[in-house]
Amino acid sequence: QVQLVESGGGLVSAGGSLRLSCSASGRTLSNYDMNWFRQAPGKRRELVAQITSGGRTYYRDSVKGRFTISRDNAKNTVYLQMNSLKPEDTATYYCATRGPFGEDYWGQGTQVTVSS
């Protein structure tokens, strides 16, 4: 029922910026929390940022002050603005949300590679 599609990844030099987008179909996102996760090769998936239905935001310590999560309800889209990128940020980035019965929905992922 819900489909999430990420875009905006790519190759960038250290110190550069990227903006990731997550576009939803089949569901209006305004009433639901939205999350960005990432997974680097050989490592477990980790939560990067969350924005609640009320607009409260949370970030893991390693990205605080550099990443900003936001939403545009009119476009049914969630964004992750990534500034001052570091090689340690290299990973596949996923957006995700939880449905009314506890089911999880994931996008296909978008690759972010930061060169030193």
Side-chain angles (χ1 to χ4, degrees):
Q1 178 178 294
V2 178
Q3 185 171 17
L4 305 174
V5 179
E6 303 98 333
S7 62
L11 175 64
V12 65
S13 298
S17 298
L18 287 171
R19 189 177 77 158
L20 307 183
S21 299
C22 176
S23 180
S25 62
R27 183 184 190 181
T28 300
L29 299 181
S30 61
N31 294 330
Y32 299 91
D33 300 348
M34 178 58 62
N35 307 279
W36 283 99
F37 290 82
R38 68 185 181 188
Q39 187 167 26
K43 304 194 69 176
R44 66 157 177 60
R45 185 151 50 197
E46 62 184 18
L47 178 66
V48 178
Q50 179 186 71
I51 184 166
T52 70
S53 60
R56 185 178 296 274
T57 59
Y58 301 90
Y59 303 92
R60 73 181 302 106
D61 287 342
S62 61
V63 308
K64 285 180 180 176
R66 300 189 297 120
F67 291 11
T68 303
I69 188 171
S70 62
R71 69 201 317 163
D72 185 339
N73 290 334
K75 296 181 179 180
N76 213 30
T77 300
V78 176
Y79 304 96
L80 185 67
Q81 179 66 46
M82 310 164 67
N83 298 327
S84 302
L85 283 162
K86 304 175 180 179
E88 308 90 86
D89 297 317
T90 295
T92 302
Y93 284 71
Y94 302 87
C95 63
T97 190
R98 178 158 288 171
F101 304 105
E103 69 274 29
D104 294 331
Y105 297 95
W106 296 86
Q108 85 288 351
T110 186
Q111 178 66 38
V112 172
T113 303
V114 184
S115 62
S116 58

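Please read all numbers here as calculations on a predicted model, not as lab measurements.
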* Asked: Counting distance only, does the side-chain N/O of Glu6 pair as donor-acceptor with the main-chain N or O of Cys95 below 3.5 Å?
  -> yes
* When you measure from the side chain of Arg71 to the backbone N and O of Thr52, does any donor-acceptor pair fall under 3.5 Å? -> yes
* Go through the steps to decide whether Trp36 and Ile51 satisfy the test side-chain contact (heavy atoms from CB on, under 4.5 Å), and finish with yes or no. => CA-CA 9 Å; Trp36 283 99; Ile51 184 166; over 6 Å; no
* Asked: Quick one: CD on Gln50 to OH on Tyr59, what's the gap to the nearest 0.5 Å?
  -> 11.0 Å
* Asked: What are the two closest non-hydrogen atoms of Leu4 and Gln108, and how far apart are they?
  -> O-OE1, 3.7 Å
* **Other ILVMFWY residues reachable from Leu47 by side-chain steps of under 4.5 Å** => Phe37, Tyr94, Trp106
* To do: Could you grab the distance from atom CD of Glu88 to atom OG of Ser116, nearest 0.5 Å is fine?
  => 9.5 Å
* **Joint cluster assignment, Tyr79 & Met34, ILVMFWY side-chain distance < 4.5 Å** => no
* Asked: Below 4.0 angstrom, N of the basic side chain to O of the carboxylate: do Asp89 and Lys86 qualify?
  -> no
* Rounded distance [0.5 Å steps], CD in Glu103 versus OG1 in Thr97 -> 9.5 Å
* **Main-chain N/O of Ser53 paired to Asp33 side chain as donor or acceptor, under 3.5 Å** => yes
* Measure from the side-chain N and O atoms of Tyr32 to the backbone N and O of Pro100, and report whether any donor-acceptor pair falls under 3.5 Å. => no
* Structure fact -> One should read off an interatomic distance between Thr113 OG1 and Leu85 CG, to the nearest 0.5 angstrom, of 10.5 Å
* Nearest heavy atoms of Lys75 and Thr77, plus distance in Å -> O-OG1, 2.9 Å
* Closest heavy-atom pair and its distance - Asp104, Arg98 -> OD1-NE, 2.7 Å
* To do: Indicate the atoms forming the closest heavy-atom contact of Arg38 with Ser62, along with that distance.
  => NH2-OG, 3.6 Å
All N/O donor-acceptor pairs, side-chain side in residues 8-24, below 3.5 Å, sequence neighbours left out:
unit_1	atom_1	unit_2	atom_2	d
Ser17	OG	Asn83	OD1	2.9

